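Below is one structure; the comments refer to it alone.
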Number of protein chains: 2
Amino acid sequence: MVSEKTVERLSLYRRILQQLRVEGKETIMSHELANILHIKPAQVRRDIMQLGYSGIPNSGYRIRPLLESIANFLDSPLPQSAVLVGVGHLGLALLANFAGRWRQLAIRAAFDKDPAKIGQTFHGCRCYAMSDLSKIIAETKSVVGILAIPGEGAQSVCDLLVQSGVSGILNFSPLRIKVPDNVFVEHVDLSATFEKVSFFARRMKLYSEEEKWKVENETTEGEYETLTTNQ
Amino acid sequence: MVSEKTVERLSLYRRILQQLRVEGKETIMSHELANILHIKPAQVRRDIMQLGYSGIPNSGYRIRPLLESIANFLDSPLPQSAVLVGVGHLGLALLANFAGRWRQLAIRAAFDKDPAKIGQTFHGCRCYAMSDLSKIIAETKSVVGILAIPGEGAQSVCDLLVQSGVSGILNFSPLRIKVPDNVFVEHVDLSATFEKVSFFARRMKLYSEEEKWKVENETTEGEYETLTTNQ
DNA sequence: TTTTACTTGTGAAATATTGAACAAATTTAT
DNA sequence: ATAAATTTGTTCAATATTTCACAAGTAAAA
């Protein structure tokens with residue numbers, strides 16, 4: 001019933017509001033959040049509406065209870081656990097950023113097929129053998145699996161995760177994995193993203209040069225028009 | 001005129017087609033690509049239509065010229081350069097995966113404020129001081145900047161990148177940066193993504209349990225209905 | 001107290017994206 | 001050569017998402 005985009009934005013609102021509260025701010029208006037995120041105020045209001053929280057006309061939203069509403073909506077009563085598969089460069093970066101720091105989704109275990117890594121601890125997270133996957137997922141009650149491996153093995157690892165009871169997968173591999181209907185997958189495809197940015201960067205450059213050209217010639221056209229139609 | 005989503009998918013088609021060509025496949029049909037990506041065949045055809053390339057009814061698309069059309073559409077005549085700002089864990093992971101390997105968008109230089117990193121080479125990419133940013137961007141003719149730094153400095157670094165002539169930014173920082181209209185920004189917000197996956201994972205679990213409950217009771221309801229309405 | 005100015009909540013319009021469906025085209029089989 | 005089967009290109013419908021616009025409400029000012 002609630003869209004993915006709304007959930008993403010609620011997460012952004014929370015992060016901003018937490019910061020603002022630290023700075024001593026007590027209320028916020030939809031257009032302030034909108035300006036920070038470069039979206040429209042109506043979007044902010046509509047998202048917040050879905051929380052069931054009401055603001056005060058002419059004053060905005062009180063930050064404290066709004067944060068509570070967001071937490072109530074987004075967060076599980078109990079903190080949730082995740083496991084990471086693939087302790088390569090990307091996996092390590094994820095552990096460095098999210099191993100302990102994140103209250104809501106803590107990465108509790110890592111897995112790799114490289115025997116040299118098994119048994120080691122990376123950024124406070126222990127690395128296990130792939131054969132321990134099911135057992136550890138059950139022990140940690142993990143609901144999310146993070147795939148940070150090259151495409152080849154992704155589908156079989158994914159199947160293993162699903163069999164072990166995971167209901168969400170964050171897939172950094174370039175492969176589009178197949179999962180049952182009752183499992184959520186988010187693809188983060190860095191090389192596709194790179195290509196996209198590269199494409200639009202070039203396009204923006206071309207576009208702005210074309211605009212520049214237009215503006216240069218518009219003056220002439222404008223003069224011509226005022227001379228002839230003189231409206 | 002072409003949407004971001006279409007560009008992303010074209011990039012995915014290319015990667016798949018390149019693999020299939022290596023495996024000796026010469027033609028492909030829209031429903032094959034669609035099955036691999038879990039989308040509808042009409043979507044594939046529509047995307048390919050935008051390239052101006054035509055398939056053959058009852059045979060599908062010839063892979064070789066289709067790949068050429070995609071390259072023609074997505075790629076710049078000259079390979080494009082990018083610079084990376086922030087050689088932390090994430091920056092290193094990006095360098096490891098994309099420093100040399102990527103024909104289309106090569107990361108040509110890295111920057112960091114940590115003096116210990118300046119002058120070093122990471123995965124074949126040299127790290128410079130922030131003060132060299134403009135100079136190096138000009139020298140390498142970079143069109144894309146990659147921000148892999150914490151939120152605090154993101155806006156000022158972004159402004160620097162834009163001033164230096166970059167027209168695309170790939171932002172891994174949690175800050176929503178502000179850029180002129182003629183600069184393209186893609187946000188990859190890992191913590192928001194984590195929260196999203198966590199949210200929907202929980203929701204999927206709840207939903208599938210509810211479904212299970214329904215199915216268990218449906219039998220009874222079904223029997224009841226056949227007994228009463230007997231349609 | 002009354003007025004003014006401003007903000008929320010939300011229906012309705014606008015826009016963007018996807019999906020269904022079918023004519024036209026082409027290959028294969030008869 | 002003809003018919004049957006299948007796939008493309010594309011239009012139109014369906015769905016999803018965003019934006020507009022305004023009534024209703026509230027605080028501050030007069």
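Below, chain A is the first sequence line, B the second, and so on; all start at residue 1. No experiment lies behind these values; they were computed from the predicted model shown.
- In this structure, the side chain of B:Asn72 does not engage the main chain of B:Glu68 through any donor-acceptor pair within 3.5 Å.
- For A:Ser30 and C:dT7, the shortest distance from a side-chain N or O to OP1 or OP2 is not below 4.0 Å.
- Counting only residues at least two apart or on different chains, the salt bridge (charged side-chain N to carboxylate O under 4.0 Å, His left out) pairs with a member in residues 19-41 of chain B are B:Lys25-B:Glu32.
- In this entry the distance linking OH of B:Tyr53 with P of D:dT8 reads 11 Å, nearest Å.
- Under the rule for a ring-ring contact (aromatic ring centres under 6.0 Å, His included), B:Tyr53 has no partner lying at least two apart in sequence or in another chain.
- In this structure, the CD atom of B:Glu32 is 9 Å from the P atom of D:dT7, given to the nearest Å.
- Evaluation of the ring-ring contact (aromatic ring centres under 6.0 Å, His included) rule for B:His89 yields A:His123 as partners, not counting sequence neighbours.
- Residue pairs meeting the ring pair (Phe, Tyr, Trp, His ring centres under 6.0 Å) criterion with at least one member in residues 54-74 of chain A, sequence neighbours excluded: A:Phe73-B:Phe199.
- The NE2 atom of A:His31 sits 17 Å away from the C1' atom of C:dG9 (whole-angstrom rounding).
- Look at CD1 on A:Ile28: it is 14 Å from C1' on C:dT8, rounded to the nearest Å.
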Name each donor-acceptor pair under 3.5 Å that joins a side chain in residues 150-166 of chain B to protein atoms two or more places apart or in another chain, with its distance.
from     : atom 1 : to       : atom 2 : distance (Å)
B:Gln155 : OE1    : B:Lys178 : N      : 2.9
B:Gln155 : NE2    : B:Asp159 : OD1    : 2.8
B:Gln155 : NE2    : B:Lys178 : O      : 3.1
B:Ser156 : OG     : B:Gly153 : O      : 3.0
B:Ser164 : OG     : B:Ser134 : OG     : 2.7
B:Ser164 : OG     : B:Leu160 : O      : 2.7

Exercise. For nucleotides 18-28 of chain D, read 5' to 3', which letter fits each nucleotide if B means a protein heavy atom sits under 4.0 Å from the base, S means only the sugar-phosphate is that close, and - means neither?
Worked result: SBBB---BBB-

